[in-house]
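For reference, the structure is listed below as C-alpha cells.
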Amino acid sequence: MHEYPATLEFINIAAQKARAANARRVTRVRLVVGEQSGLAPESIQMYFEIIAEGTVCADAALEIETVKTKWRCPRCDIFYERRPLSFACPRCGEDGEPTSAGREFYVDSIEVAD
Ligand SMILES: [Zn+2]
C-alpha cells in the first residue's frame with residue numbers, strides 16, 4: 001500500500017515540471033524502482049492510471065525500470081545478485097551483506113509537450 005502515496009508524489013513532481021516548462025501535458029515518465037524498495041511496479045502502474053486521470057499526466061506513458069538487489073562480499077569486495085535461499089558470495093562462498101542497490105525509488109526522466 002506504499003505505492004499510493006509514492007505514485008501521488010511522482011505525479012505531483014511531473015505536474016510541477018510540466019508547469020515550470022509551460023507544457024500542457026506530460027507525455028512520458030520514467031521511474032527507477034529497486035526490488036527492495038517495498039514498491040511493486042504493477043501496483044504503481046495501477047495507481048498511476050487511477051491518480052493520473054484528469055491531470056496533466058493523464059496521457060503519459062509510464063516506464064518503470066526495476067533494479068535488482070545487490071549484495072556485497074566483505075572478503076572479495078564484489079557486488080553480486082544473490083541466488084534463491086542463499087546469501088553466499090559466488091566467488092568465495094562467504095555470506096555477503098545487503099547494500100543500498102535495490103532500494104531506490106526515483107523519477108529518472110519526465111517528458112512534456114505543449
Ligand atoms: Zn567473496
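Atoms considered below: every heavy atom in the structure, side chains included; atoms not considered: hydrogens, waters and symmetry mates. In listed order, ligands and their atoms are each counted from 1.
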>> Using a 3.5 Å distance criterion without hydrogens, assess whether the side chain of E104 forms a donor-acceptor pair with backbone atoms of G102.
In response: yes
> Is it true that E81 and K68 make a salt bridge, defined as a side-chain N closer than 4.0 Å to a carboxylate O?
Replying inline: no
>> Restricting to under 2.8 Å, identify the protein N, O or S atoms around the Zn ion (ligand 1) as residue plus atom.
In response: C73 SG, C76 SG, C89 SG, C92 SG
> How close do N22 and D114 get, heavy atom to heavy atom, and via which atoms?
Replying inline: O-OD1, 3.9 Å
> Does the side chain of R82 reach to within under 4.5 Å of the side chain of T69, using non-hydrogen atoms?
Replying inline: no
> Relative to the ring of F10, is the ring of F48 parallel (under 30°), tilted (30 to 60°) or perpendicular (over 60°)?
Replying inline: parallel
>> Starting from F79 and following side-chain heavy-atom contacts under 4.5 Å between hydrophobic residues (I, L, V, M, F, W, Y), which residues can be reached?
In response: none
